[in-house]
Amino acid sequence: QKDGYDWFMRKEIFEQPKAVADALLGRRGLNGQLALDEMRLSDEDVRDIDKIIIIACGTSFYAGMVAKYAIEHWCRIPVEVELSSEFRYRDPILDNGTLVVAISQSGETADTLQAIRHARVQKSKVLAICNTNGSTIPRESDAVIYTHAGPEIGVASTKGFLTQLVACYLLGLYLAQVRGVKFDDEIARILDQLDGIPAAIESVLADAESVYALARDYVSTKSVLFLGRHAGYPVALEGALKLKELAYIHAEGFAAGELKHGPIALVEEGLPIFCVIPPRGRDQLHEKMISGIQEVRARGARTICLAEEDDELIKPYADTLITLPKVPVLLQPLVATVPLQLFACELATAMGHDVDMPRNLAKSVTVE
Ligand code: M6R
């Protein structure tokens with residue numbers, strides 16, 4: 001049931017506050033500590049981990065990229081993120097100290113399934129982050145964190161992605177807790193920040209109409225770029241993927257620092273560029289992002305900046321400003337992704353495309 005929405009995707013975008021709340025539900029034990037019931041890895045297993053490799057495809061891969069920033073920062077364990085389709089064929093170095101984390105909304109993606117089979121043969125432990133109870137990937141894994149997003153019907157992943165992010169944050173905090181690398185009160189503080197995210201997403205959704213109006217202005221655009229840094233970089237990649245999938249236009253995401261190494265040659269008069277601006281609390285990142293924006297504006301780009309609501313510094317550099325609620329930099333993908341989903345959904349609708357079933361795509365990719 002679409003519940004009055006035109007597309008399942010739009011409905012699923014608006015379900016995200018609840019999906020994120022559900023993904024967080026029941027994760028704190030009586031003593032206030034984080035408890036992951038379906039985790040099935042002993043504390044000893046967790047303490048023995050010396051490397052994490054995250055494998056996934058598409059949007060789930062971008063969740064893995066965000067997870068790397070968070071887990072390395074909180075736990076000081078090295079994290080690699082790799083496309084499932086590449087992982088298995090490069091003879092990766094694995095042993096029983098390697099935790100392989102497979103992220104898959106459907107739990108049936110063939111590339112990811114083959115990759116975890118390969119990892120288990122090499123004696124690595126495999127943890128699945130998955131939305132689909134009883135699907136093959138969690139069944140074949142040593143441990144699982146379910147994302148509890150509810151069924152995702154639209155081919156383009158939305159609430160699946162945000163709840164994967166939540167599961168990745170919970171995993172990072174859990175590892176930090178068991179390994180004793182963070183104080184309990186620090187972990188509790190981050191969990192409190194996560195508890196505030198559903199309301200923050202609500203506030204982004206409340207402004208959906210202005211994003212829709214913006215999208216309708218771009219029906220004849222041929223190309224859109226997305227820039228981000230740090231945890232905003234995977235958000236840029238995800239924004240571009242949504243546009244490719246749904247609007248069938250050229251869209252590319254870049255790490256803003258890479259611009260001068262090539263992509264800036266693409267910039268010409270009028271090119272729309274979405275810029276995911278890091279929170280002001282991270283001034284170095286913020287300054288660097290502004291200098292990238294100056295470079296593209298000097299070459300005629302039109303910037304659409306996603307920035308914290310009280311970010312006055314960004315205003316002179318934004319042709320269009322989309323404001324985001326204040327959240328820490330590592331959690332910003334949970335709010336910054338939402339306007340990009342709304343934009344892609346509305347632009348594809350205005351172009352007359354089937355948003356729920358884009359051409360050439362399937363919801364779960366069960367062939368390698
Ligand atoms: O079910 P999975 O998370 O394993 O699927 C991975 C990708 O196929 C999926 O994220 C795809 O990129 C989506 N259509 C993105 O919106």
Side-chain angles (χ1 to χ4, degrees), residues 7-13 15-16 19 23 54-67 81-88 100-117 119 126-141 144-168 226 234-249 251-253 333 337-338 340-345 347-348 353-368:
W7 305 112
F8 280 107
M9 182 193 179
R10 205 183 304 267
K11 173 175 173 245
E12 287 159 3
I13 292 172
E15 282 172 352
Q16 291 182 118
I54 300 177
I55 49 174
C57 305
T59 287
S60 302
F61 176 75
Y62 303 145
M65 289 178 69
V66 175
V81 193
E82 188 156 8
L83 293 167
S84 310
S85 54
E86 290 294 319
F87 171 80
R88 188 175 152 221
V100 171
V101 178
I103 307 179
S104 175
Q105 188 285 131
S106 63
E108 301 295 345
T109 298
D111 285 316
T112 306
L113 180 58
Q114 294 306 332
I116 67 165
R117 287 180 177 158
V126 174
L127 180 141
I129 290 180
C130 185
N131 191 40
T132 313
N133 280 50
S135 57
T136 314
I137 289 172
R139 271 196 283 116
E140 294 201 16
S141 297
V144 56
I145 302 177
Y146 281 112
T147 52
H148 302 298
E152 191 179 61
I153 312 289
V155 163
S157 186
T158 52
K159 62 178 183 170
F161 177 63
L162 291 204
T163 56
Q164 285 169 344
L165 293 177
V166 171
C168 290
F226 294 76
V235 174
L237 296 171
E238 170 62 3
L241 181 63
K242 285 287 150 301
L243 266 198
K244 284 178 231 185
E245 282 188 293
L246 302 174
Y248 318 145
I249 57 179
E252 269 192 84
T337 306
V338 178
L340 305 181
Q341 299 168 338
L342 292 167
F343 182 86
C345 181
L347 179 56
H353 299 317
D354 184 333
V355 168
D356 284 335
M357 298 226 294
R359 69 185 184 199
N360 307 338
L361 295 175
K363 182 65 185 163
S364 81
V365 183
T366 53
V367 288
E368 271 191 84

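When a ligand or atom number is given, it counts from 1 through the structure's own listing order. Residue numbers count from 1 along this sequence. Only heavy atoms go into these numbers, but all of them, side chains included; no hydrogens, no water, no symmetry mates.
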**OP:** Name the closest protein heavy atom to atom 5 (O) of ligand 1, giving the residue it belongs to and the distance to 0.1 Å.
**Re:** T109 OG1, 3.5 Å
Original post:
What atoms in ligand 1 come closer than 4.0 Å to a heavy atom of S104?
Top reply: 1 (O), 2 (P), 3 (O), 4 (O)
Original post:
Got the closest protein heavy atom to atom 10 (O) of ligand 1, with its distance?
Top reply: T59 N, 3.2 Å
Subject >> Matching residue for T337 among L162, L342, T59 - test: side-chain contact (heavy atoms from CB on, under 4.5 Å) >> reply: L162
Subject >> Minimum-distance protein heavy atom relative to atom 1 (O) of ligand 1 >> reply: S106 OG, 2.7 Å
Subject >> Side-chain heavy-atom pair L340, E238 within 4.5 angstrom cut-off >> reply: no
**OP:** Tell me, with the steps shown, if T112 and S84 meet side-chain hydrogen bond (donor to acceptor under 3.5 Å, both in side chains).
**Re:** CA-CA 5 Å; T112 306; S84 310; 2.8 Å; yes
Subject >> Exam field: side chain N131 to backbone G150, donor-acceptor pair closer than 3.5 Å >> reply: yes
**OP:** Check ligand 1 against A156 and write out every atom of the ligand that is under 4.0 Å from a heavy-atom position of the residue.
**Re:** 16 (O)
Original post:
What about T112: any of its N or O atoms under 3.5 Å from an N or O on ligand 1?
Top reply: no
Subject >> Side chain, backbone, both or neither: K242 near ligand 1, heavy atoms under 4.0 Å >> reply: side chain
Original post:
Do the charged groups of K244 and E252 touch, with an N to O distance under 4.0 Å?
Top reply: no
Subject >> The single option from I116, V100, I129, V101 passing side-chain contact (heavy atoms from CB on, under 4.5 Å) against S141 >> reply: I116
Original post:
Okay, side chain of Y62, backbone of L241: is any donor-acceptor separation there less than 3.5 Å?
Top reply: no
**OP:** Could you point out which residue of Q341, E15, Q164, Q16 forms a side chain to side chain donor-acceptor pair (under 3.5 Å) with K159?
**Re:** E15
Original post:
Closest non-hydrogen protein atom to atom 13 (C) of ligand 1, residue and atom name please, with distance?
Top reply: E245 OE2, 3.5 Å
Original post:
Which ligand 1 atoms, with their elements, are less than 4.0 angstrom from a heavy-atom of S60?
Top reply: 2 (P), 3 (O), 10 (O)
Original post:
By number and element, which atoms of ligand 1 are closer than 4.0 Å to a non-hydrogen atom of S157?
Top reply: 15 (C), 16 (O)
Subject >> 4.5 Å side-chain heavy-atom contact, S157 and E152 >> reply: yes
Subject >> Closest protein heavy atom (residue, atom, distance) for atom 8 (O) of ligand 1 >> reply: V365 CG2, 4.2 Å
Original post:
When you measure from atom 6 (C) of ligand 1 to every protein heavy atom, which one gives the shortest distance, and what is it?
Top reply: C57 O, 3.3 Å
Original post:
Which atoms from ligand 1 have a heavy atom of V155 less than 4.0 Å away?
Top reply: 13 (C), 14 (N), 16 (O)
